[in-house]
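Basis for what follows: all heavy atoms, side chains included, without hydrogens, waters or symmetry-related copies. Ligands are counted one by one from 1 in listed order, and the atoms in each one are counted from 1 as well.
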Amino acid sequence: MNQIVDLRSDTVTRPTVEMRAAMLAAPLGDDVFGDDPSVNALQDRIADMLGFESALFMASGTQSNLCGILSHCQRGDEYLVGQMAHCYRWEGGGAAVFGSVQPQPLVNQPDGSLALDDITAAIKPDDPHFARTRLLALENTWQGRLLPMEYMQQATRLARSKGLACHLDGARLFNAAVRQAENSETTPQNEAARIAGCFDSVSVCFSKGLGAPVGSALCGTRELVARARRIRKMAGGGMRQAGMLAAAANHALDHNVQRMTQDHLLARTLADGLAGIEGLQPEAPQTNILFAELTGSARERGPELVKFLLDRNILITGSRQLRFVTHLDVDATGIARTVAAIRTFFGR
Ligand SMILES: *Cc1c(COP(=O)(O)O)cnc(C)c1O
């Protein structure tokens with residue numbers, strides 16, 4: 001039987017033998033007492049890498065965004081956020097549920113940005129009719145797309161000029177940084193710090209393209225992180241010997257940043273392989289996520305195609321628009337098999 005090619009998400013990766021060894025070897029302590037050396041090392045490292053005073057290890061990106069938003073905002077405040085942003089749409093309304101913080105969703109432009117005019121128009125005056133607008137939340141990469149550096153500078157400058165703080169959901173910050181480094185001939189570390197430098201807080205995931213089994217980090221000032229620690233505790237996120245997980249994240253930072261270029265290349269290889277199929281329109285992927293739209297008479301054939309691929313041990317998501325995510329457990333053979341299977345489905 002063919003191996004499974006799992007293109008549903010970059011969260012599906014399993015820790016390698018080396019990563020597991022690093023986890024087993026990690027020095028441990030009780031992190032709620034601040035005693036876990038592996039957690040402390042990871043937090044210091046990621047804060048330093050991204051140019052922040054402090055960082056806090058989190059169970060997930062959702063927890064990290066939640067603690068970030070609630071550290072910036074009080075009850076009755078609001079945050080400006082993309083209609084299609086993860087921390088508005090895919091996090092169960094957590095900021096509203098747990099923090100009585102109201103999201104003000106704005107339309108995402110095709111590149112993932114929020115129009116500067118929309119941001120300006122959404123910031124409410126100080127008037128008892130309105131929630132207090134406190135925070136702008138952006139996402140990079142957004143659906144695999146890189147937010148332009150200049151845009152992030154402009155948007156965060158605008159937000160600050162109106163007294164707002166700025167949060168980045170950088171679940172895939174390192175995908176953005178690796179791609180940006182290719183364009184600018186610097187290092188991913190340098191680009192990650194440049195992107196992060198626009199924001200007051202950044203959430204980054206270790207459990208996606210970096211390949212760790214669990215975990216994210218929230219970075220910010222010492223003061224913000226102290227508030228986030230209290231909220232994380234309330235959210236049940238005070239973990240004890242979490243160093244086993246932090247060690248995996250540390251291992252990922254050592255070994256899995258630069259190699260993301262391979263994931264990006266495979267997404268392009270997949271897009272090229274799918275080009276020219278009647279009924280399927282692949283986009284040009286910028287990082288590790290490829291979308292392809294079913295068109296014409298194939299528009300309704302999404303579920304049938306997903307099932308056809310599943311029967312061949314190829315896993316994808318989507319219906320009218322298909323989504324393929326590359327990561328460190330997918331190789332060129334898997335991508336070639338995926339292209340061949342889809343071509344077979346369309347009868348060519
Ligand atoms: C995956 C993801 C998160 C967090 O997801 P968790 O599954 O909670 O770790 C946050 N933001 C974006 C953009 C994501 O893709």
Side-chain angles (χ1 to χ4, degrees), residues 6-15 42 46 50 55-71 79 81-95 97-98 103 105-106 108 111-114 135-147 152 166-179 192 195-196 199 201-219 228 231-232 235-237 239 242 245-246 248-249 252 256 260 263-264 267 285-291 317-318 323-328:
D6 195 342
L7 299 166
R8 290 173 303 169
S9 177
D10 46 9
T11 55
V12 301
T13 58
R14 272 163 244 187
L42 175 68
I46 191 73
L50 300 184
L56 193 60
F57 187 56
M58 297 278 181
S60 68
T62 298
Q63 187 177 72
S64 189
N65 280 329
L66 177 68
C67 292
I69 293 166
L70 299 197
S71 299
Y79 65 112
V81 62
Q83 181 77 50
M84 298 294 282
H86 202 280
C87 71
Y88 168 60
R89 201 179 179 91
W90 278 280
E91 297 183 4
V97 173
F98 297 120
L106 304 177
N108 283 100
D111 67 356
S113 65
L114 310 176
L135 179 71
L136 171 68
L138 297 178
E139 184 175 316
N140 193 9
T141 61
W142 175 79
Q143 304 197 351
R145 286 163 224 185
L146 194 59
L147 280 193
M152 283 183 290
C166 301
H167 173 74
L168 178 69
D169 178 353
R172 296 191 178 87
L173 172 66
F174 285 101
N175 291 92
V178 164
R179 176 61 203 257
I195 296 169
F199 296 90
S201 58
V202 172
S203 172
V204 57
C205 285
F206 302 114
S207 59
K208 295 201 164 160
L210 286 172
V214 173
S216 292
L218 178 70
C219 304
I231 295 159
R232 185 188 69 171
M239 297 185 284
L245 302 174
N256 295 343
M260 281 177 175
D263 301 339
H264 301 173
Q286 294 182 10
T287 60
N288 69 326
I289 305 180
L290 169 66
F291 291 96
T317 58
R323 192 179 88 141
F324 308 82
V325 187
T326 56
H327 50 75
L328 77 181

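For ligand 1, the 4.0 Å heavy-atom shell contains residues S60, G61, T62, N65, H86, E91, E139, D169, A171, R172, K208.
When atom types are taken as modelled, the side chain of S9 and the backbone of V12 share no donor-acceptor pair closer than 3.5 angstrom. Between the side chain of Q83 and the backbone N or O of L106, no donor-acceptor pair lies under 3.5 Å. In terms of modelled atom types and a separation under 3.5 Å, the side chain of N65 and the main chain of C87 share no donor-acceptor contact. Side-chain atoms of E139 do not come within 3.5 Å of backbone N or O of L168 as any donor-acceptor pair.
Annotation for F98: atom CZ does not count as buried by contact number, only 12 or fewer foreign heavy atoms lying within 6.0 Å.
A search for salt bridge (Lys or Arg N to Asp or Glu O under 4.0 Å) contacts involving R8 returns D6, not counting sequence neighbours.
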